[in-house]
J.: 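Below you will find the structure I want to go over with you.
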2 protein chains.
Amino acid sequence: MAHLAHNHTAEDCVELVTIFQSLSKEDTKTVASLVSDKHYQSGEYIYQAGNSADALTIVAHGQAKVFQIATNGKEQMLRILQTGDFDGEAALFSNKDRTSFAQALMDTDVCQIKRSDFQKLMKTSPELAVNMVNAFGQRIVQLEQQTTEAATSSIESRLASYLLETSAGLKKEQFELPLKKKDIATYLGTTPETISRKLSSLAKDELIEKKSNTLIKILDADGLAMVE
Amino acid sequence: MAHLAHNHTAEDCVELVTIFQSLSKEDTKTVASLVSDKHYQSGEYIYQAGNSADALTIVAHGQAKVFQIATNGKEQMLRILQTGDFDGEAALFSNKDRTSFAQALMDTDVCQIKRSDFQKLMKTSPELAVNMVNAFGQRIVQLEQQTTEAATSSIESRLASYLLETSAGLKKEQFELPLKKKDIATYLGTTPETISRKLSSLAKDELIEKKSNTLIKILDADGLAMVE
DNA sequence: CGATGACTTGAGCACAGTCAAGTGCAGTGG
DNA sequence: CCACTGCACTTGACTGTGCTCAAGTCATCG
């Protein structure tokens with residue numbers, strides 16, 4: 001299945017990803033022809049630290065987590081890739097090894113473009129290059145905010161923000177937590193025990209309601225935003 | 001002085017900055033003609049949050065700190081701009097307002113290129129665009145590491161890493177701290193008091209020597225790297 | 001020489017991490 | 001159909017890191 005030009009998933013990828021939007025029809029075709037696609041089952045690794053980072057990875061369908069292992073062995077989640085998201089910061093600028101892991105959280109289709117192909121493409125399509133710079137810029141702003149929030153806010157506040165973001169992303173006030181508590185914990189730089197306690201605390205303050213173990217309803221969004 | 005093409009500082013900027021290296025001679029001239037330069041005294045703000053972010057900022061000579069103010073009012077340092085560094089993640093990809101501040105830490109010369117000029121330039125010079133993507137990629141990797149380290153390591157460990165990085169950057173085992181303790185504190189997400197205590201602690205363990213208030217000598221680099 | 005700001009040191013406290021025991025649920029096999 | 005295993009999660013008790021507040025020292029500069 002992989003490496004077939006113009007197959008269904010490859011076209012999906014090209015259509016899905018913001019950096020490829022606003023490209024000429026011709027460019028779009030070229031991109032599709034360079035894309036290879038692959039399927040991963042829940043729990044499988046899409047790539048691992050130490051792999052040579054030689055491809056841009058696009059999630060065509062599914063969900064994956066990207067994380068690093070700190071020197072002390074602790075896991076730190078960097079981001080969740082949803083359908084349409086892509087990853088390849090490191091992949092595209094050097095021959096260096098990857099420093100992070102990506103793991104499928106459900107059955108997931110991804111597309112990949114080789115670094116060398118992509119760099120060639122950028123040189124011939126200024127549109128694409130500009131889109132790429134813009135996408136990276138947004139990612140940098142988002143990372144800076146994550147860093148700032150992690151360093152200056154309490155866990156409870158970060159958890160509240162996380163719930164608001166998740167709710168906004170799904171456009172629902174009531175939703176299933178898309179991650180295991182363990183994963184939420186590493187995302188927020190804390191432990192599952194603390195997540196559990198803080199969720200109870202937020203529920204006690206009537207800011208959220210715990211419908212079930214994984215089903216959360218937001219009762220007071222403004223209140224959540226003001227958690228210190 | 002500002003807005004004069006081909007002036008001395010403008011050429012400095014173009015030569016200094018990695019993203020402009022490996023450009024054709026012609027492109028280099030074009031860049032230089034688009035650059036405006038400005039001088040800031042120690043303590044002056046180069047830009048502030050809320051300003052429209054419409055220019056790429058390059059440090060031609062001097063040093064500046066870039067920081068954000070968290071919602072709870074705490075200051076978080078994002079990075080130090082040294083001679084040759086540039087800043088403009090947000091500046092270059094949208095018309096959005098800035099979310100961060102940049103303040104000169106000494107007398108500092110900066111150059112600026114307007115967002116619109118720069119985007120035009122990228123479309124005509126694929127080389128530049130590729131350089132830009134690569135530079136952003138490196139910044140993203142660095143930010144991800146900063147996030148991971150902040151979330152998973154103790155202050156003492158982060159301080160140790162900071163000292164090692166600073167030492168490596170200056171290529172000296174003995175060096176003046178380039179920042180006030182207050183600034184180091186916000187950089188590492190802590191307080192001046194804690195910095196003071198942890199430095200004493202590292203000195204007691206004979207990993208460093210406090211020659212004076214601001215002069216540090218690294219005694220045991222391997223030991224520092226292993227601080228938990 | 002006094003004033004200002006940077007830094008240090010100390011005491012008390014709170015947030016959140018660790019460790020440990022227990023609960024609930026899903027999947028497996030008898 | 002129920003016991004058993006494994007895993008995610010919860011809850012409790014304890015501890016420690018690092019923050020806050022406050023007082024004191026030191027250095028620089030007018």
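Just so we're on the same page: letters track the sequence lines, and every chain starts at 1.
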J.: Mind calculating the distance between CD (Glu75(A)) and P (dG17(C)) to the nearest angstrom?
T.: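 Computing the Glu75(A):CD to dG17(C):P distance gives 15 Å.
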J.: Using a distance-only test with no angle check, is there a side-chain donor-acceptor pair under 3.5 angstrom linking Gln76(B) and Thr152(A)?
T.: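 Short answer, no.
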J.: Does Asn213(B) put a side-chain nitrogen or oxygen below 4.0 Å from OP1 or OP2 of dT25(D)?
T.: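 For dT25(D), OP1/OP2 do not have a side-chain N/O of Asn213(B) under 4.0 Å.
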J.: Is there a side-chain contact between Ser200(A) and the phosphate of dT11(D), meaning an N or O under 4.0 Å from OP1 or OP2?
T.: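 True: Ser200(A) side-chain N/O within range (under 4.0 Å) of dT11(D) OP1/OP2.
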J.: Could you verify whether a donor N or O on one side chain and an acceptor N or O on the other, from Gln112(A) and Thr57(A), lie under 3.5 Å apart?
T.: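 The criterion, which ignores hydrogens and geometry beyond distance, is satisfied for Thr57(A) and Gln112(A).
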J.: When you measure from every atom of DNA chain D, which of residues 187-195 of chain B have a heavy atom less than 4.0 Å away?
T.: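 Per residue number, the list reads Gly189(B), Thr190(B), Thr191(B), Glu193(B), Thr194(B).
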J.: What is the distance, to the nearest angstrom, from the CG atom on Leu105(A) to the P atom on dA8(D)?
T.: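 The distance from CG of Leu105(A) to P of dA8(D) comes to 13 Å, rounded to the nearest Å.
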J.: With a cut-off of less than 4.0 Å, is there a side-chain N or O of Lys198(A) near OP1 or OP2 of dA16(C)?
T.: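 The answer is yes; a side-chain N or O of Lys198(A) sits under 4.0 Å from OP1 or OP2.
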J.: By ring-ring contact (aromatic ring centres under 6.0 Å, His included), which residues pair with Tyr40(A), not counting sequence neighbours?
T.: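 Partners of Tyr40(A) by the ring-ring contact (aromatic ring centres under 6.0 Å, His included) criterion come out as none, since no residue qualifies.
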J.: OP1 or OP2 of dC9(D) sitting under 4.0 Å from any side-chain N/O of Lys180(A)?
T.: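 For Lys180(A), the contact criterion (side-chain N or O under 4.0 Å from OP1 or OP2 of dC9(D)) is not met.
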J.: Tell me: CD1 of Ile155(A) to P of dT18(C), nearest whole Å?
T.: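 Taking atom P of dT18(C) as the reference, CD1 of Ile155(A) is at 11 Å.
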J.: Would you mind telling me which of dG18(D), dT20(D), dC7(C) lies closest to the side-chain atoms of Ser154(B)?
T.: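 Of the candidates, dG18(D) comes closest.
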J.: Just by distance, with hydrogens left out, do Ser161(B) and Glu149(B) show a side-chain donor and acceptor under 3.5 Å apart?
T.: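 Per modelled atom types, Ser161(B) and Glu149(B) side chains form a pair under 3.5 Å.
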J.: Over how many whole Å does the gap from Leu177(A) atom CG to dT10(D) atom C1' extend?
T.: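 For the pair Leu177(A) CG and dT10(D) C1', the rounded distance is 15 Å.
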J.: Output yes when at least one side-chain N/O atom of Lys181(A) is less than 4.0 Å from OP1 or OP2 of dT10(D), else no.
T.: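 So the side chain of Lys181(A) is within the cut-off, an N or O lying under 4.0 Å from OP1 or OP2 of dT10(D).
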J.: Any chance the side chains of Thr194(B) and Thr191(B) put a donor and an acceptor closer than 3.5 Å?
T.: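 Yes - a donor-acceptor pair under 3.5 Å links their side chains.
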J.: Under 3.5 Å, side-chain donor or acceptor atoms of residues 178-185 of chain B against the rest of the protein: list the pairs with distances, not counting sequence neighbours.
T.:
unit_1, atom_1, unit_2, atom_2, d
Lys181(B), NZ, Asn213(B), O, 3.3
Lys181(B), NZ, Asn213(B), OD1, 3.3
Asp183(B), OD1, Lys65(B), NZ, 2.7

J.: Starting at NZ of Lys210(B) and ending at C1' of dC7(C), how long is that distance when rounded to a whole Å?
T.: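 To the nearest whole Å, that distance equals 10 Å.
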J.: May I have the distance from Leu202(B) (atom CG) to dT17(D) (atom P), rounded to whole angstrom?
T.: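 Going from CG in Leu202(B) over to P in dT17(D) covers 14 Å.
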J.: Using whole Å, what does the distance between atom P of nucleotide dT9(C) and atom CG of Leu199(B) come to?
T.: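 Going from CG in Leu199(B) over to P in dT9(C) covers 11 Å.
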J.: Does Arg197(A) make a side-chain donor-acceptor contact with the base of dG12(D), cut-off 3.5 Å?
T.: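 Indeed, a donor on one side and an acceptor on the other fall under 3.5 Å apart.
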J.: Quick check on dG17(C): is either OP1 or OP2 less than 4.0 Å from any side-chain nitrogen or oxygen of Lys74(A)?
T.: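 Lys74(A) to dG17(C) OP1/OP2: no side-chain N or O under 4.0 Å.
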J.: Taking for each residue the nucleotide of DNA chain C with the nearest heavy atom, is it Lys182(B) or Glu156(A) whose nucleotide lies nearer the 5' end?
T.: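 Closer to the 5' end of DNA chain C: Lys182(B).
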J.: How many Å lie between CD on Glu176(B) and P on dA6(C), as a whole number?
T.: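 It works out to 17 Å between those atoms.
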J.: Pairing donors with acceptors under 3.5 angstrom, does anything connect the side chains of His39(A) and Asp109(A)?
T.: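 Yes, a side-chain donor-acceptor pair sits under 3.5 Å.
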